[in-house]
Amino acid sequence: MQILLIHSDYIEYETKKSTPVAEKIEDSLKKGRMDEALTVFIAVEKSDEDSIEYAIKQTAEEIKKVTDQVKTNRVMLYPYAHLSSSLASPKSAVETLKKLEERLKEASFEVKRAPFGWYKSFTIKCKGHPLSELSRTIRQGEQKCLTVVREKEEMVSEALKSEAKATSYWHILTPDGQLLKPDDFDFTGYDNLKKFVNYEIHKSRAVDKIPPHVELMRRLELADYEPGSDSGNMRFYPKGRLVKSLLENYVLDEAAKKGAMEVETPIMYDMNHPTLKKYLDRFPARQYSIEADKKMLFLRFAACFGQFLMNHDMTISYRNLPLRMVELTRYSFRKEQSGELVGLRRLRAFTMPDMHTLCKDMDEAVAQFNEQYNMCINVLSMIGLSLDDYEVAIRFTRDFYNENRDFIVNLVKIVNKPVLIELWDQRFFYFVLKFEFNYIDALSKASALSTVQIDVENAQRYGIKYIDSDGSEKMPFILHCSPSGAIERCIYALLEKAYMNSEKGIVPMLPVWLSPTQVRVIPVTEKHMEYAQKVAGKLNGRVDVDDREETLGKKIRDAAKEWVPYVAVVGDEEVKSGGVTVTVRSESHPNKPVNVKMTVLELNERISKDIAGYPFKRNPLSMNLSARPRFV
RNA sequence: GCCUCGGUGGCUCAGCCUGGCAGAGCGAGAGAUUUGUAAUCUCUAGGUCGAGGGUUCAAAUCCCUCCCGGGGCUCCA
């Protein structure tokens, strides 16, 4: 229920024209006037229909409070649909209004009610004293323990606002240290960089196609939209969960190798916590908010909150620095505007490895930045995304650049290709330097994967200190690092890459370590089944057997559609020789499968080589295809 | 929030313009077939055509209202 209360000298209305939902009224009600009254403009909402009695009771009480304050007992109920964008059905609205009228009369108010569903002209004179204009929202939410609050005015963080104000100076920096204006740069041979620059600077983003990965994520039974949730919250089928889990484990392990300690922190935080509130205003993202009891909470959009609060309470010596912590956030939540959400590229709930490094001074921060920059290149490459697949953006303040010019040029030398530079005169955000690796997809859209930032203000905000060798308390600099970027986004990038490969005549596939099925054994006929099962038992990796009663051709086609890297066909020949005939996907061309006769041992060696150095998980689906349900 | 497209069997969609018995493919179930590298054949089951209202002898189809979803814009760590 939405109500707008106006203490008025008088209110006067006249019906003009009925709408299709108009209530039938006597002529006497077609005009009305009330002097010295509280006019209550009122909209009955959809949510009131769940408990009309509650809405009426609360509204009546609210009206009573205000009439007491303004000392009147005359009320004009005036239906006013425009107060809400989520109206109740006309039928229940009329019912609610009538009951409210009755209730107020019982409470000895003098009540008039303007008819529902008519176009009316009205004149009102508002008294203009401080209490003469009030609005109230009445919802049952207070009694439930978890109600997502629909903010009337969306909270927009200061960072989002300042981002709009920030002036960016764009450049291209080449490996030999030339800093050029984008217009002066020759993009020949740098198609992806050109797309990226267009995307960033010229905001050229219109696309009229569904991104290819959306179809692929469904067809490969990885992930899908979940209409039962909020948009941007995906469901992951067993195969998708497997791929995601492998990526998660891999990235966590790489962070651990660099000395990061894995921690776990809550996903929701008190919106009115003084420190957190200030940080919210420095982070350009929108939050989900949640009400629990009387507390307003927000869902984290990164792991910073929990880790910084933990850092605050820690005793940290200079000997502990650089101090690294990592958390895999499942999930980070960002309430992106609904239209921004696309497949696995941009989500409202996503999984992000988030590592923070406390450094004793700027020199150490810069050194760590450099190390993590290299780590990110390595992580993406191991995931299956090479330097050719993404473009580098480095962003910093003018001051930082003036003091660290050689360092930045060196970053460009490492990737050995021109990068996009964004320069700000002042520091608008919490960092002085950041880079991201941006994946350029089949529709020329750019999305950030890995990123590292040097944060110069959150140590102070959160009161994070360390004791230096001379016994004095100091503030560390903090690096934020996501070695891979969001896990879902990595999957998106791999799928988009596979799609672009297939457009180029390269057979699409996932890296072997991520393929849900690594080897599929297909018996030529039923009588080879026993041998097939025996072979499957001896093979390494995620093996399955196509034991369905289908033709050989069908089974081979299905294996190809699932992008199975190794398809081992076994028939009379193989039973006789004791080996397998393997279709090797990575060596095949469209319509030209490459079949290699090999022993089980040889196949095992190939697979072991493909997956060496990567995490392994068993396939959650049954080994026999005939026992697997379909998900899409 | 705005623009746009859509909602028809489990899935993908046709039918709608021009109103007249609700269709196909995939998938599922049954049967036949025992196959050597991109879909074997036959049969069967399965639908309040998103919801509500209106027009009409008759509505999946036309009109109105609403709901839900996709894509785009805005936005973007």
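Naming: A, B, ... by sequence-line order, numbering from 1 per chain. Computed from a predicted structure; not experimentally measured.
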In whole angstroms, how far is the [atom2] atom of [N] from the [atom1] atom of [X]?
X	N	atom1	atom2	answer
A/I522	B/rA38	CD1	C1'	11 Å
A/R218	B/rG70	CZ	C1'	11 Å
A/R346	B/rG70	CZ	P	15 Å
A/K554	B/rU37	NZ	P	17 Å
A/Y237	B/rG10	OH	C1'	11 Å
A/K561	B/rC11	NZ	C1'	12 Å
A/E336	B/rG1	CD	C1'	15 Å
A/D558	B/rU35	CG	P	20 Å

- prompt: Any side-chain heavy atom of A/L358 sitting closer than 4.5 Å to one from A/F308?
  reply: no
field: Side-chain touch A/F350/A/R345, heavy atoms, less than 4.5 angstrom
entry: no
field: With sequence neighbours excluded, residues passing side-chain hydrogen bond (donor to acceptor under 3.5 Å, both in side chains) with A/N192
entry: none
- request: Only counting residues at least two apart or in another chain, list the ones meeting side-chain hydrogen bond (donor to acceptor under 3.5 Å, both in side chains) with A/Q518.
  value: none
So what does [X] touch, heavy atoms closer than 4.0 Å: a base, only the sugar-phosphate, or nothing?
X	answer
A/K434	base
A/D572	base
A/E526	base
A/V569	base
A/T581	base

task: Could you give the distance separating B/rA58 and B/rG19 at their C1' atoms, to the nearest angstrom?
output: 8 Å
message: Would the base of B/rU37 count as contacting A/T583 through its side chain, where contact means a donor and an acceptor less than 3.5 Å apart?
response: yes
Name the pairing partner of [N], where a pair is Watson-Crick or G-U wobble with both distances under 3.5 Å, or state none.
N	result
B/rU35	none
B/rU4	B/rG70
B/rC26	B/rG10

Which donor-acceptor pairs under 3.5 Å do the side chains of residues 369-377 of chain A make with protein atoms, sequence neighbours left out?
unit_1, atom_1, unit_2, atom_2, d
A/Q372, NE2, A/T357, OG1, 2.9
A/Y373, OH, A/L411, O, 2.7
A/N374, ND2, A/N370, O, 3.1

Out of [options], which nucleotide sits closest to the side chain of [X]?
X	options	value
A/L552	B/rG36, B/rG71, B/rU37	B/rG36
A/V524	B/rU35, B/rG27, B/rG71	B/rU35
A/V342	B/rG71, B/rA38, B/rU34	B/rG71

Contact nearer the 5' end of RNA chain B, comparing A/K597 with A/R548: A/R548
message: Quick check: on RNA chain B, is the nucleotide nearest A/R395 upstream (toward 5') of the one nearest A/A560, or the reverse? Name the residue that is more 5'.
response: A/A560
- line: Residues passing the side chain to side chain contact (heavy atoms under 4.5 Å, CB included) test with A/A498, sequence neighbours excluded, are A/P508, A/W563
message: Using the side chain to side chain contact (heavy atoms under 4.5 Å, CB included) criterion, which residues pair with A/V575? Sequence neighbours excluded.
response: A/H528, A/Y531
query: Using 30° and 60° as the class limits, which term best fits the ring planes of A/F437 and A/F435: parallel, tilted or perpendicular?
result: tilted
Residues in contact with RNA chain B, drawn from residues 573-580 of chain A - heavy-atom cutoff 4.0 Å: A/E573, A/E574
